[in-house]
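Have a look at the structure below before the remarks.
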There are 2 protein chains.
Amino acid sequence: MSATIKDIARETGLALATISKYINGGTVRPQNKKQIDEAIRKLNYVPRNTARGLRSSKTYRIGLVSGPPNNPHNAFLLSKIENTMRAHGYSLTFMSGDKYKDHVNKFVPHMLRSGIDGLIISSFCLSKDICSAVEHTKIPVVELEEHSHFHRTDCVQTSCTSGAYEIVEHLIKMGHQKIALVNGSPASYTACERKKGYLRALEDYDIPVNPDYIIAENYANDFGYQAMQKLWNLPERPTAVFSANYTLCLGIYEAIYSLGIRIPEDLSVVSFDDFELSMLLSPQLTAVRQPLTGLAEQACDLLLRRMNGDYSDFPRTIRLKPECIYRDSVRDLFSDAK
Amino acid sequence: MSATIKDIARETGLALATISKYINGGTVRPQNKKQIDEAIRKLNYVPRNTARGLRSSKTYRIGLVSGPPNNPHNAFLLSKIENTMRAHGYSLTFMSGDKYKDHVNKFVPHMLRSGIDGLIISSFCLSKDICSAVEHTKIPVVELEEHSHFHRTDCVQTSCTSGAYEIVEHLIKMGHQKIALVNGSPASYTACERKKGYLRALEDYDIPVNPDYIIAENYANDFGYQAMQKLWNLPERPTAVFSANYTLCLGIYEAIYSLGIRIPEDLSVVSFDDFELSMLLSPQLTAVRQPLTGLAEQACDLLLRRMNGDYSDFPRTIRLKPECIYRDSVRDLFSDAK
DNA sequence: CTGAAAGCGCTAACAA
DNA sequence: TTGTTAGCGCTTTCAG
């Protein structure tokens with residue numbers, strides 16, 4: 001066992017409380033300061049946050065529960081949140097899992113047991129039971145993007161409806177009418193919002209909805225692949241596909257390659273989520289870029305304020321607008337017609 | 001403040017110690033068991049790991065320090081490690097940062113303060129001071145890939161030399177002689193190993209080393225971009241480029257697109273690290289795939305054993321062989337000559 | 001199998 | 001400014 005504050009006290013001849021106060025930013029006599037610093041260095045003393053927390057009932061730790069980090073969307077949020085919270089003196093306990101298995105309901109209790117001062121939940125929709133268990137602990141929660149069964153919660157989200165609307169509208173303006181949507185689970189809040197945007201755009205331009213063109217099951221890569229296969233087997237193929245997220249898009253692209261489909265000649269493709277990848281595909285992908293930095297910042301800000309007891313604007317819903325990035329994966333049917 | 005073990009004791013009329021023992025897997029009279037379970041549910045009791053740890057000097061938490069998770073390599077490791085450790089009852093404190101700023105030297109003390117039973121360090125090379133601070137705490141450390149200034153440490157690494165050798169040999173067998181290397185910092189262990197593999201292959205095939213073809217500075221995207229620009233401005237352009245990691249490769253591809261270079265007609269490209277991306281690029285990228293699952297598993301296994309006091313094989317160095325995936329980004333100069 | 005008591009490392013009152 | 005004291009929630013002897 002390494003040195004404790006007691007050892008420092010013994011070494012310097014000062015009282016525990018003095019050392020403690022100094023460590024926590026209090027002022028001590030310069031000479032004592034020097035002595036303490038020296039003793040700390042000499043004994044390699046590291047204050048144990050766990051012991052501090054026991055007393056102050058703060059753990060200086062927050063939890064982040066999210067989808068798998070090998071999705072760049074989650075990775076970016078994780079990275080940004082971790083960095084921000086660390087700058088505020090918190091460390092980050094991270095748990096992730098596949099969205100489509102119900103691990104989640106085990107994550108959160110585990111997280112609670114591990115001891116956290118606040119919790120950010122991203123990509124996941126929690127069950128009622130879990131939500132009430134969390135609410136019972138009184139620790140502040142910020143939901144990122146999804147919408148669980150909390151009684152009332154702060155949440156930060158991308159305005160998916162507007163992003164989806166805008167990109168579908170772009171397809172329409174380029175002359176597309178047969179537009180397919182490959183989407184996540186209907187149980188997912190974000191998936192619903194994206195579909196809503198898609199439907200609104202069609203409605204506003206008087207384009208009839210073709211149920212065959214809407215394939216929704218989950219956000220997995222594989223599903224994107226299968227969905228694309230299915231679409232291409234339709235007697236009347238779509239001229240454009242709107243992929244509702246990044247992982248789906250990867251699967252769709254794989255299918256497109258294996259089917260030998262040319263973009264945008266044979267098929268136009270747009271997607272929610274914009275990443276490095278989008279630029280490296282040829283042709284470059286037209287996509288909806290989420291305000292990831294903003295999402296992370298707002299979530300952290302909200303959580304920090306709640307942890308500091310500022311509930312003045314609770315519960316708050318913050319919606320940030322995404323941005324469409326227009327590249328070369330959409331064919332302009334009008335100009336072709338000329 | 002939510003319920004404590006005391007409340008359960010009061011509620012059930014049993015002693016603290018009995019409850020504690022039951023919670024930790026001890027046996028109690030069936031009737032008491034029922035009572036305790038009921039009280040726990042009723043009061044929504046969650047045992048505080050922080051308080052447990054104070055007594056048992058275990059935190060049930062491990063730390064992972066790594067490069068940014070928006071690199072799929074790091075993301076994969078993180079995900080795998082977190083899942084594995086969680087299955088063993090540990091939660092994961094994650095800190096990451098840009099490899100090329102010296103945040104790292106602040107991470108580790110922060111990590112130590114936060115309280116962990118073990119530490120995995122990936123991608124980072126720690127300073128001597130930090131290493132001795134860590135060694136002082138006696139908590140087990142496993143290094144993934146890089147090699148710090150620890151006195152003695154367990155480490156798990158990809159055998160970079162053999163991966164690099166094999167992929168460069170492939171280029172040579174396809175008739176390439178003018179092979180460039182875009183590499184990370186010479187201070188990086190992995191970068192050195194990858195260069196070593198490159199040099200050995202050239203040496204074995206009696207190909208002279210052209211210093212202009214070796215550009216090494218760091219693993220950043222931007223640097224890959226610049227390096228590629230530089231290579232293409234050379235009076236004698238290389239016929240092939242070996243990118244030493246994923247992020248560099250992204251930058252190289254961006255440069256290739258913007259310069260209008262055709263792969264593999266004008267230039268062959270191979271890279272360390274293989275991801276979804278590699279398959280979606282056209283043409284598909286020939287790459288070295290690291291045994292990521294194996295790396296994560298071995299690191300966890302080693303750390304778990306050390307945390308359980310098993311030091312029988314300390315210090316252990318585990319090296320796993322990568323695998324080359326041959327795709328279409330390399331031009332066969334011999335068959336062209338026929 | 002159960003209970004009483006001590007104490008893990010630290011902070012927060014309060015007193016000096 | 002510094003010291004004293006009590007106690008955070010839990011585990012761990014050691015008796016019963």
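Just the heavy atoms: all of them, side chains too, but no hydrogens, waters or symmetry mates, feed the values below. Each chain gets a letter, A, B and so on, in the order the sequences are listed, and its residues count up from 1. No experiment lies behind these values; they were computed from the predicted model shown.
Listed in residue order, the members of residues 14-33 of chain A having a heavy atom less than 4.0 Å from DNA chain D are L14(A), A15(A), A17(A), T18(A), K21(A), T27(A), V28(A), R29(A), N32(A).
By the side chain to side chain contact (heavy atoms under 4.5 Å, CB included) test, F314(A) pairs with R152(A), D154(A), R306(A), Y311(A), sequence neighbours left out. Scored by the side chain to side chain contact (heavy atoms under 4.5 Å, CB included) test, T153(B) finds V141(B), E143(B), F150(B) as partners (sequence neighbours excluded). K42(A) is linked by a side chain to side chain contact (heavy atoms under 4.5 Å, CB included) to E11(A), counting only residues two or more places apart in sequence or in another chain.
Contact check for C125(A) versus Y189(A): no side-chain heavy atoms found under the 4.5 Å cut-off.
Ion pairing between a basic and an acidic side chain is recognised when a charged N comes within 4.0 Å of a carboxylate O; D37(A) and R41(A) show no such pairing. With respect to the salt-bridge test (charged N to carboxylate O, under 4.0 angstrom), the residues K34(B) and E38(B) do not qualify.
In this structure, I5(B) atom CD1 and dG7(C) atom C1' are separated by 15 Å, rounded to whole Å. Whole-Å rounding puts the Q35(B) CD to dC1(C) P distance at 16 Å. Rounded to an integer number of Å, the gap from R48(B) CZ to dC8(C) C1' is 17 Å.
Defined by atom type and a distance below 3.5 Å, a donor-acceptor pair is missing between the side-chain atoms of S185(B) and N218(B).
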Report, one line per pair, each donor and acceptor closer than 3.5 Å where one atom sits in a side chain of residues 109-116 of chain B; sequence neighbours left out.
unit_1  : atom_1 : unit_2  : atom_2 : d
S114(B) : OG     : M111(B) : O      : 2.8

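Put simply, R55(A) has no side-chain N or O that comes within less than 4.0 Å of OP1 or OP2 on dA12(C). Residue K6(A) places at least one side-chain N or O under 4.0 Å from the OP1 or OP2 atom of dC8(C). Side-chain nitrogen and oxygen atoms of Y45(A) include at least one within less than 4.0 Å of the OP1 or OP2 phosphate oxygen of dC10(C).
From one end of the helix from dC1(C)-dG16(D) to dA16(C)-dT1(D) to the other, with five pairs defining each end axis, the axis direction shifts by 30° (rounded to 10°).
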